[in-house]
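Position 1 is the first residue of the sequence, and the numbers go up from there. The figures that follow rest on heavy atoms only: side chains count, while hydrogens, waters and symmetry mates do not.
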Amino acid sequence: MTKINKRKHSAPLVDGPEQAPSRSMLRAAGFEDVDFKRPQVGVASTWSNVTPCNMHINDLASLVCDSIDQEELKAVLFNTITISDGISMGTLGMRYSLVSREVIADSIETVVGCQSFDGVVAIGGCDKNMPGCLIGLARLNRPSIFVYGGSIRPGANHTDLITVMEGVGSFSSNKISEEELIAIEKTALPGPGSCGGMYTANTMASAIEALGMSLPGSSSQDAVSTDKQEDCRKIGSAINNLLEKDIKPTDIMTREAFENAIRVVIALGGSTNAVLHLLAMAKSVDIPLNIDDFEEIGKTSPLLADLRPSGHFLMSELNEIGGIQPLMKTLLDANFLHGDTLTVTGKTMAENLSEVNPYPEKQKIIMPLDKPIKKDSHLKILKGNLASDGAVAKITGKEGHSFSGSARVFNSEEETLDAIYGSKIQEGDVIVVRYEGPVGGPGMREMLKPTSAIMGQGLGDKVAFITDGRFSGGSHGFVVGHVTPEAAKGGLIGLLKDGDKITIDALKGTIEADISANEIKKRKKNWKNPKPMPKKGVLAKYAKTVQSASEGAVTD
């Protein structure tokens, strides 16, 4: 049996007399003689004080580094960026959110590639840094593990960030006072951790665990918990095992693994952003995955979790009854998951789940398979003249399965918010927000503020909302995002006018504007992009390189 060279990347950097300058610099950074003979493991921390999602990540990184060093490996800690979706939501700053996914992937690839680490551990907390980390790890394709920073605990009176967002809508329609709104604001977020429902952060953490790229249980632990600390302490032995067996992301991130991730996301009622990010992650390992696969897999994938935003419970409450592992075991036993996929434990998914206990009796968070919340997926891929390349809807059934109404057209999120807060939206409207796509934004902003305001005003089941931008995992209601082609690329969404009739049918999978071919041709002739595009900087580079949302909005 061939012995694996665990130092195949770092050895050329530090071995031999000619590498004395490299060793000299590393000595100044804390290396000792013994460290030059050890495999080096880069630890990518997304720590930042810009958001509660990541403010504790370096504490977790210290535990990870200690566990790696104890395995006669050498941990080398480095940082990458994070931004806050929740803080920047509804402002121009939100344009940088999806862009940050690419910056994170690029920066991890850059540091690890330059420093020649033999293995990599990435620790992420907020929405975009998780898929960003995975894309970076996949490109490098050396033994790797992802660690989730964990979920925030519930605020007072079972509140979270979405409670605050929807409170703004309630305030704008005089349902609560400003004092009541501020009281919610002050108590909804009690400390570190990612947003508390099955929003994008917890969705992506769950998807990554189902994919096999994090240790069992990593996705369903509170940020401030002994379980999360123990998760970090296990990393050293786990990464050492991956190095010894030379197990890499391409061995784990297979087509079957992505199917597992999609099934778990659907069962949990996860975010529409999962479509965007899983497509991008699949491209990073050359796995053929497209938006139609989500529709096909969704036909036989039940929605089982009563979690926010469409449900009642928060992630911390799911964590208390066992997290997502018993759910995955249920799905596996019913042949919804591929049990033979490899994971970062070095074992298969089935082996990892073999001794998992079921949920406690009488728990109300995860429904049984024979009594699902919805028998098929809440994530619907829609096509039609308004989205010839596809759009992604989030339809749980609570808001109905079809909607027909008159377009209310806005060229930005700001215009939309002014109309909602000004009580200018009426029952039966189809709110259209355009020039917010990957190119048109640039950056594909999330429409959490307007959708939350709509819910807060009690219009959630009375209006529809479509955009070439996207939605936060916290958005709910009759919402359709990722409309492609986007307005800035000449899509029909850019040609709509107030009053145009729009029909959305989730059962048929269609989204249509009732406009004749001649009228479309006439409007196309007069169309001009009303939005000036940035001439330089990261947004300009992004707009020039990004692919459509239906292709994962990748820049690679």
K.L.:
Looking at residues at least two apart in the chain, or sitting in another chain, which of them share a side chain to side chain contact (heavy atoms under 4.5 Å, CB included) with Ser225?
P.N.:
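Checked Ser225 against side chain to side chain contact (heavy atoms under 4.5 Å, CB included); matches are Arg153, Gln221, Asp222, Asp227, Lys228.
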K.L.:
What residues, two or more places apart in sequence or in another chain, satisfy side chain to side chain contact (heavy atoms under 4.5 Å, CB included) together with Asn5?
P.N.:
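Arg7, Lys8.
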K.L.:
Enumerate the residue pairs fulfilling salt bridge (charged side-chain N to carboxylate O under 4.0 Å, His left out) with a member in residues 251-266, sequence neighbours excluded, ordered by first and then second residue.
P.N.:
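Qualifying pairs, neighbours excluded: Arg255-Glu259, Arg255-Asp293.
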K.L.:
Going by side chain to side chain donor-acceptor pair (under 3.5 Å), name the residues that satisfy it together with Lys283, two or more places apart in sequence or in a different chain.
P.N.:
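With neighbours one apart ignored, the set is empty.
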K.L.:
Counting only N and O atoms by type, is there a donor-acceptor contact under 3.5 Å from the side chain of Tyr199 to the main-chain atoms of Asp127?
P.N.:
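No.
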K.L.:
Could you list the residues that satisfy side chain to side chain contact (heavy atoms under 4.5 Å, CB included) with Ser48, not counting sequence neighbours?
P.N.:
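Counting only residues at least two positions away or on another chain, Ser48 forms a side chain to side chain contact (heavy atoms under 4.5 Å, CB included) with Val50, Thr82.
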K.L.:
Under the salt bridge (Lys or Arg N to Asp or Glu O under 4.0 Å) rule, collect the residues that match up with Asp286, sequence neighbours excluded.
P.N.:
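With neighbours one apart ignored, the set is empty.
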K.L.:
Find out whether Ile247 and Leu342 are in side-chain contact, i.e. whether some heavy atom of one side chain is under 4.5 Å from a heavy atom of the other.
P.N.:
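In contact.
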K.L.:
Would Ser107 and Thr80 count as a side-chain hydrogen bond (donor to acceptor under 3.5 Å, both in side chains) if you check the C-alpha gap in whole Å, the side-chain angles of each, and the deciding distance to 0.1 Å?
P.N.:
CA-CA 7 Å; Ser107 65; Thr80 183; 2.5 Å; yes
K.L.:
Is it true that Lys449 and Glu413 make a salt bridge, defined as a side-chain N closer than 4.0 Å to a carboxylate O?
P.N.:
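Judged by the 4.0 Å cut-off on N to carboxylate O distance, Lys449 and Glu413 do not form a salt bridge.
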K.L.:
Tell me whether Lys248 at atom NZ has more than 12 heavy atoms from other residues, nucleotides or ligands lying less than 6.0 Å away.
P.N.:
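Yes, because the 6.0 Å sphere around NZ of Lys248 holds more than 12 heavy atoms from other groups.
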K.L.:
I'd like to know whether CG of Asp556 has more than 12 heavy-atom contacts from other residues, nucleotides or ligands below 6.0 angstrom.
P.N.:
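Atom CG in Asp556 is not crowded, with 12 or fewer foreign heavy atoms closer than 6.0 Å.
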K.L.:
Is any side-chain heavy atom of Met94 less than 4.5 Å from a side-chain heavy atom of Leu448?
P.N.:
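When only atoms from C-beta onward are counted, Leu448 and Met94 do not touch, as no gap falls below 4.5 Å.
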K.L.:
I need the full list of salt bridge (charged side-chain N to carboxylate O under 4.0 Å, His left out) pairs touching residues 51-78, with sequence neighbours left out, sorted by first then second residue.
P.N.:
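Residue pairs with at least one partner in residues 51-78: Asp35-Lys74.
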K.L.:
For Lys394, check salt bridge (Lys or Arg N to Asp or Glu O under 4.0 Å) against everything at least two apart and list the hits.
P.N.:
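Partners of Lys394 by the salt bridge (Lys or Arg N to Asp or Glu O under 4.0 Å) criterion come out as none, since no residue qualifies.
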K.L.:
Given Ser271 and Thr203, is the side-chain hydrogen bond (donor to acceptor under 3.5 Å, both in side chains) satisfied, shown in steps?
P.N.:
CA-CA 6 Å; Ser271 167; Thr203 296; 5.1 Å; no
K.L.:
Parallel, tilted or perpendicular for Phe78 and Phe117, by the 30°/60° rule?
P.N.:
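Parallel: the ring planes of Phe78 and Phe117 meet at under 30°.
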K.L.:
Asp85: which residues meet the salt bridge (Lys or Arg N to Asp or Glu O under 4.0 Å) condition with it, sequence neighbours left out?
P.N.:
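Salt bridge (Lys or Arg N to Asp or Glu O under 4.0 Å) check on Asp85 returns Lys128.
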K.L.:
Verify side-chain hydrogen bond (donor to acceptor under 3.5 Å, both in side chains) between Ser548 and Thr484, making sure each step is shown before the conclusion.
P.N.:
CA-CA 7 Å; Ser548 81; Thr484 52; 5.1 Å; no
K.L.:
With side chain to side chain contact (heavy atoms under 4.5 Å, CB included) as the test, pick out the partner of Met315 among Ile152, Leu268, Ile324, Asp160.
P.N.:
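Filter result, single survivor: Ile324.
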K.L.:
Which side-chain N or O atoms in residues 38-45 pair as donor and acceptor under 3.5 Å with protein atoms at least two apart or in another chain?
P.N.:
from, atom 1, to, atom 2, distance (Å)
Ser45, OG, Trp47, N, 3.1
Ser45, OG, Asn58, OD1, 2.5

K.L.:
For Lys37, what residues pass the side chain to side chain contact (heavy atoms under 4.5 Å, CB included) criterion, not counting sequence neighbours?
P.N.:
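So Lys37 forms a side chain to side chain contact (heavy atoms under 4.5 Å, CB included) with Asp15.
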K.L.:
Under the ring-ring contact (aromatic ring centres under 6.0 Å, His included) definition, can you give me all pairs with a residue in residues 2-44, not counting sequence neighbours?
P.N.:
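Qualifying pairs, neighbours excluded: Phe31-Phe36.
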K.L.:
Between Arg445 and Asp468 (salt bridge meaning N to carboxylate O under 4.0 Å), is one present in this structure?
P.N.:
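Result for this pair is no, no salt bridge flagged.
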